[in-house]
Amino acid sequence: MKKRIIMCIIASVMVCGSFASCGKSVGTDSTPKTETTTASATEEVTEEAPESTEAETTAAASESKAADSAVSEELIAEAAKVLNNLNSIDYICGGSSVEVDENTVYNVDNKYPYTKVTDTRFSSVEEVKKYVTDAVCGSLLEERYKVIYEGEPAMFADNEGSLWFLQGARGCGFAFNSDPVISDVTDDSFTIKVTFDDLGADSTMIVKAVKEDGLWKASSFKVNDNPENRR
């Protein structure tokens, strides 16, 4: 009987020890697996986040650079138009670059010989005015080019259903010989710096361009140290 009791106790101890051993093994194995999985997920998120941010930053920078480039190209094109229009207006103001019939003359007060305009751009003083005011404005128009279509004497005059032009031989036009350099850009203005051949020497010209009625126009210029709007 004692022997049986001892054997039962031994068996019971062995079974309990076995259960205790199994419990410890499950707990030990389970905990590291959970930690490993969590750590792995965290590492993946940490590694991916910078890549995503970097990609977004690069994309944004590229878009910004493209936008800046597009604006610059557009402004350069607009600057070229402003300079070409200014050149054309200055030639007209100087009494040239308008097609006329030199054999048909209309004298005003016997001292201003106008010749009949055959240039297809213009058929009236009003059309000339629009051509000029679409290209220049501000002090440049008031101080230098308004005389093209009004004043005493104006460069153009209407008479007997025809348009007449007061030709001249005054120095005019700008032989630009450099690419325009643009600065001071705002939504409705910018500055152009350019050089031109001024009787064999290079002169620097600063042109102020403004947007008026949806058009870019020259509003003033300065050549070297001369007064504004004077050559």
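Numbers here simply count residues along the sequence, with the first being 1.
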Original post:
Just by modelled atom types, is the Ala80 backbone N or O under 3.5 Å from a matching donor or acceptor in the Asn84 side chain?
Top reply: yes

Original post:
For the residue pair Tyr131 and Phe122, does the interplanar ring angle fall in the parallel (under 30°), tilted (30 to 60°) or perpendicular (over 60°) class?
Top reply: perpendicular

Original post:
Salt bridge check: are Asp184 and Lys208 linked by an N-O gap of less than 4.0 Å?
Top reply: no

Original post:
So, Asn229 and Ser220: side-chain donor and acceptor under 3.5 Å apart, yes or no?
Top reply: no

**OP:** Keeping the roles fixed (side chain from Asn224, backbone from Asn226), state whether a donor-acceptor pair exists under 3.5 Å.
**Re:** no

Subject >> Residue Lys222 excluded, over 12 heavy atoms near NZ under 6.0 Å >> reply: yes

**OP:** Return yes if some donor-acceptor pair links the side-chain N/O of Ser178 with the main-chain N/O of Thr195 below 3.5 Å, else return no.
**Re:** yes

Original post:
Under 4.0 Å between a Lys/Arg side-chain N and an Asp/Glu carboxylate O for Asp119 and Arg121?
Top reply: yes

Original post:
Under the 3.5 angstrom rule, does the side chain of Lys217 hit a backbone N or O of Thr133 as a donor-acceptor pair?
Top reply: yes

Subject >> Tyr106/Phe165 aromatic ring centres below 6.0 Å >> reply: no

Original post:
Looking only at atom types and distance, does a side-chain atom of Asn87 sit under 3.5 Å from a main-chain N or O of Phe174, one as donor and one as acceptor?
Top reply: yes

**OP:** Give the C-alpha distance, both sets of side-chain angles, the deciding distance and a yes or no for side chain to side chain contact (heavy atoms under 4.5 Å, CB included) between Ser96 and Cys172.
**Re:** CA-CA 8 Å; Ser96 63; Cys172 54; 3.6 Å; yes

Original post:
Counting N and O atoms only, with roles assigned by atom type, does the side chain of Asn85 sit under 3.5 Å from a partner on the main chain of Lys81, one being a donor and the other an acceptor?
Top reply: yes

Original post:
If you look at every heavy atom in Ser162 and Lys116, which pair is closest and at what distance?
Top reply: OG-CE, 3.4 Å

Original post:
Is there a side-chain contact between Val185 and Leu75 (heavy atoms, below 4.5 Å)?
Top reply: yes

Original post:
Under 4.5 Å between any side-chain heavy atoms of Glu99 and Val117, yes or no?
Top reply: no

**OP:** Using atom types as modelled and distance alone, determine if a side-chain donor or acceptor of Glu127 lies under 3.5 Å from a backbone N or O of Ser123.
**Re:** yes

Original post:
What heavy-atom pair brings Ser203 and Asp198 nearest, and what distance separates the two atoms?
Top reply: OG-OD2, 3.0 Å

**OP:** Check the surroundings of atom CD in Glu126: do more than 12 heavy atoms from other residues, nucleotides or ligands lie under 6.0 Å from it?
**Re:** no

Original post:
Using 4.0 Å as the upper bound for N to carboxylate O, is an ion pair formed by Lys211 and Asp187?
Top reply: no

**OP:** Check Asp197 against Gly200 and note the closest heavy-atom contact, atom names and distance.
**Re:** OD1-N, 2.8 Å

Subject >> Among Val207, Leu83, Thr191, side-chain contact (heavy atoms from CB on, under 4.5 Å) partner for Pro180 >> reply: Leu83

Subject >> Flag, side chain of Thr115 to backbone of Asp101, donor-acceptor distance under 3.5 Å >> reply: no

**OP:** Run the numbers on Leu163 and Val128 for side chain to side chain contact (heavy atoms under 4.5 Å, CB included), then give the verdict.
**Re:** CA-CA 10 Å; Leu163 182 64; Val128 173; 4.0 Å; yes

Original post:
Taking C-beta and beyond as the side chain, do Asp90 and Arg144 meet within less than 4.5 Å on heavy atoms?
Top reply: yes

Subject >> Any side-chain donor near an acceptor of the partner, Tyr114 and Asn159, under 3.5 Å >> reply: no

